[in-house]
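Beneath this line is the structure, given in structure tokens, with notes to follow.
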2 protein chains.
Amino acid sequence: MDIFSKLQEEKARLSPSETRIADILLNDFEFAVNASIIELADKADVSPPTVTRFCRRVGCDSFSDFKVQLARTAYVGMRYLRPEPKSRDPADVAQDIITKAQNALFLLHRSLDMAAIEQAADKLSKAEMIYAFGSGGNSSMIASELQNRLFRFGLHVTASSDHGMQLMMAAAAKPTHVIIGSSFSGRNAELVRAFSLARETGVTTIALTQADSPVAQAADIVVQIDLAEGNNIFRPTSTRIAYLAAVDILASLVAYNIPQAAVTLRRIKQQLVAHRDGDDRQLLGD
Amino acid sequence: MDIFSKLQEEKARLSPSETRIADILLNDFEFAVNASIIELADKADVSPPTVTRFCRRVGCDSFSDFKVQLARTAYVGMRYLRPEPKSRDPADVAQDIITKAQNALFLLHRSLDMAAIEQAADKLSKAEMIYAFGSGGNSSMIASELQNRLFRFGLHVTASSDHGMQLMMAAAAKPTHVIIGSSFSGRNAELVRAFSLARETGVTTIALTQADSPVAQAADIVVQIDLAEGNNIFRPTSTRIAYLAAVDILASLVAYNIPQAAVTLRRIKQQLVAHRDGDDRQLLGD
DNA sequence: GATCCTTGCAAATTATTTTCGTGATAAGTT
DNA sequence: AACTTATCACGAAAATAATTTGCAAGGATC
């Protein structure tokens, strides 16, 4: 368990002196990781022993262990404690965006249900036909990314971001087919309808979405992507990055399931090396 | 600058004792961040002073500073020193992909030229018309992402992934217009032609690409995105994630330059909060 | 008024850094 | 080739700094 969650948990039980220490951690983190116990104690107007006791309280062995843990979780844990540092200084903006993106990946990794992903990869690699659904700028990008990745392995796949089309495809799909749909919010009602329709005829449905959302409940297999609220709503880029990484993982696992894919990919790679001087289109390869 | 790049840089000049210390860092990192200077010295078969000297050598003020820096960059920096774990075990595959994506963000952040980005943001926010160019699956996605982000701020922007169209637009552009083009490889010859054409008539050109590449040389302003080779060629997803983050940064800076944008964005946010139950399309907002 | 908790002081302990000297290697000199 | 001389890496020990522990005083609570 990381320091920051421990801190939030203990917050109420902290003594006045300890609260002052905690405040410094949250407000002037840079100072805190670089300070010695004496400097930190001075700044918090407490004695060094109090700082030591504080460290023990939040689950560390010693002050130096505390500093290491602090520095370690800082990278990921820091920003989602305080809402928005949001200075307009370009360096801060860049730092903030990069950190949020890394956090999103971190959270994705932590919440990934590997069993579900493996199951999804398994179904996809055996599917006679795959429909990738997603609407809105974000999810439709994910749908075309799925198409982009999967067709390379020799799979039959088509992507659609059109609700009407999705419904028709879902109605026409056979039990040997697979529908994979993405919804960041989990509340895409049309996708839910498409899933329900497909399941009536025994088509396998896979959702890339938030756990326990309507879309998740409508699907057979749920690759859940649960990010903290803050990341989610107002900063779509970091959420999208997490989805892209999830698709990357899924596609890689599918590739391992398909012997032919390895051969194809190797050929693409060789071609890439041979023609390094071409333009971007070649980078499509993987 | 982080410890691990410093380490690689200094590697050749390291003495035998120092090399032993470096080895421990790389092989038993967990031990290294938790050890005291004495424990670390013992394990490396050197004396504590040698460890202190080693710390100074890699750019730290003291041993404790060293430990903090270590713990701090560990999360992202670790893996790109060792080549490939690459087992087929799903958990490893996932870990590998996530780490590579995080590294790409880390490297992006390190190599970002903030002055160039600010300059680019400045030009974009003042442009009468913006053309976003990019071809191939990756760069065309970046182009449409640019359109997607910039039109929200009230800017006039169009994206194109069609070479012929790009040339015509470049020929028709006026000095008050801006062309922004993306090329992962930096070798998109058509984009170079479009840039050259545009510059003849004094149109500002901005490139999102590798430094010192043909595309970079053809542009007025270069937002350089330099990732290590390994990431680049065979794993397009992580490169793309870096580009997406770069666009995110650029767009955020543009937003700060445009007073009107803040108002628009606030309205979008309020609407999002009010209609939380809608579908994905609303997440397009930022 | 007894008890418990918080806190700081001072001493003890431990960790880290500095200083200094040795030995090894390389470069220059006779 | 042999002999300085310079340079450097390295560790021992001393000096310094940081951290922890034991203990007692001051408050709050019951």
Side-chain angles (χ1 to χ4, degrees), chain A residues 3 6-74, chain B residues 3 6-74:
Chain A
I3 284 203
K6 195 86 185 187
L7 234 170
Q8 286 194 306
E9 194 179 274
E10 290 276 309
K11 194 177 260 170
R13 280 184 295 259
L14 254 38
S15 74
S17 309
E18 287 173 331
T19 307
R20 284 203 298 281
I21 299 173
D23 282 347
I24 290 176
L25 291 193
L26 298 177
N27 295 323
D28 198 352
F29 168 81
E30 274 307 316
F31 170 83
V33 284
N34 292 313
S36 75
I37 195 171
I38 296 172
E39 291 168 321
L40 183 57
D42 276 355
K43 181 144 183 168
D45 254 322
V46 299
S47 64
T50 305
V51 176
T52 298
R53 285 185 279 253
F54 174 84
C55 298
R56 300 264 155 81
R57 185 140 199 182
V58 294
C60 303
D61 292 339
S62 63
F63 178 70
S64 56
D65 181 38
F66 167 78
K67 283 225 294 189
V68 166
Q69 302 245 141
L70 201 61
R72 180 171 249 185
T73 43
Chain B
I3 285 204
K6 197 86 185 184
L7 234 169
Q8 283 195 307
E9 196 179 271
E10 292 274 311
K11 194 178 261 170
R13 280 185 293 261
L14 253 39
S15 73
S17 308
E18 288 172 330
T19 308
R20 284 204 299 281
I21 299 173
D23 282 347
I24 290 176
L25 293 194
L26 299 178
N27 295 323
D28 198 351
F29 166 82
E30 273 307 316
F31 170 82
V33 283
N34 291 313
S36 75
I37 195 170
I38 296 172
E39 291 168 323
L40 183 57
D42 277 355
K43 181 143 182 169
D45 252 323
V46 298
S47 64
T50 303
V51 176
T52 299
R53 283 186 283 254
F54 174 84
C55 298
R56 302 263 154 84
R57 185 140 200 180
V58 294
C60 303
D61 292 339
S62 63
F63 178 69
S64 56
D65 182 37
F66 166 79
K67 283 224 297 187
V68 167
Q69 303 246 138
L70 200 62
R72 178 172 252 189
T73 44

Candidates [options] - which lies nearest the side chain of [X]:
X      : options                   : value
P49(A) : dC10(D), dG8(C), dA18(D)  : dG8(C)
I37(B) : dT20(D), dT17(C), dG11(D) : dT17(C)
P48(B) : dT7(C), dT17(C), dC10(D)  : dT17(C)

Value in whole Å for how far the [atom2] atom of [N] lies from [atom1] of [X]:
X      : N       : atom1 : atom2 : value
F63(B) : dT18(C) : CZ    : P     : 14 Å
E18(B) : dA9(D)  : CD    : P     : 7 Å
L40(A) : dA17(D) : CG    : C1'   : 17 Å
I38(A) : dG8(C)  : CD1   : P     : 14 Å
I21(B) : dT16(C) : CD1   : P     : 13 Å
D42(A) : dA18(D) : CG    : P     : 11 Å
F54(A) : dC5(C)  : CZ    : P     : 19 Å
E39(B) : dT14(C) : CD    : C1'   : 12 Å

Assign [X] to base, sugar-phosphate, or nothing according to its heavy-atom contacts below 4.0 angstrom with the strands shown.
X      : result
S64(A) : nothing
D65(B) : nothing
V46(B) : sugar-phosphate

State, to 0.1 Å, how close [X] and [Y] come at their nearest heavy-atom pair, and which atoms those are.
X      : Y      : result
F63(B) : C55(B) : CD1-SG, 3.7 Å
P48(A) : I37(A) : O-CD1, 3.6 Å
L25(B) : L70(B) : CD2-CD2, 4.0 Å

V46(A) backbone acceptor or donor facing R20(A) side chain under 3.5 Å: no
Modelled atom types, side-chain donor and acceptor of S17(B) and S15(B), under 3.5 Å: no
5'-most by nearest nucleotide on DNA chain C - K67(B) or R53(B): K67(B)
For [X] and [N], is the shortest distance between a side-chain N/O and OP1 or OP2 below 4.0 Å?
X      : N       : value
R20(A) : dT6(C)  : no
T52(B) : dT17(C) : yes
S47(A) : dT7(C)  : no
S15(A) : dC5(C)  : no

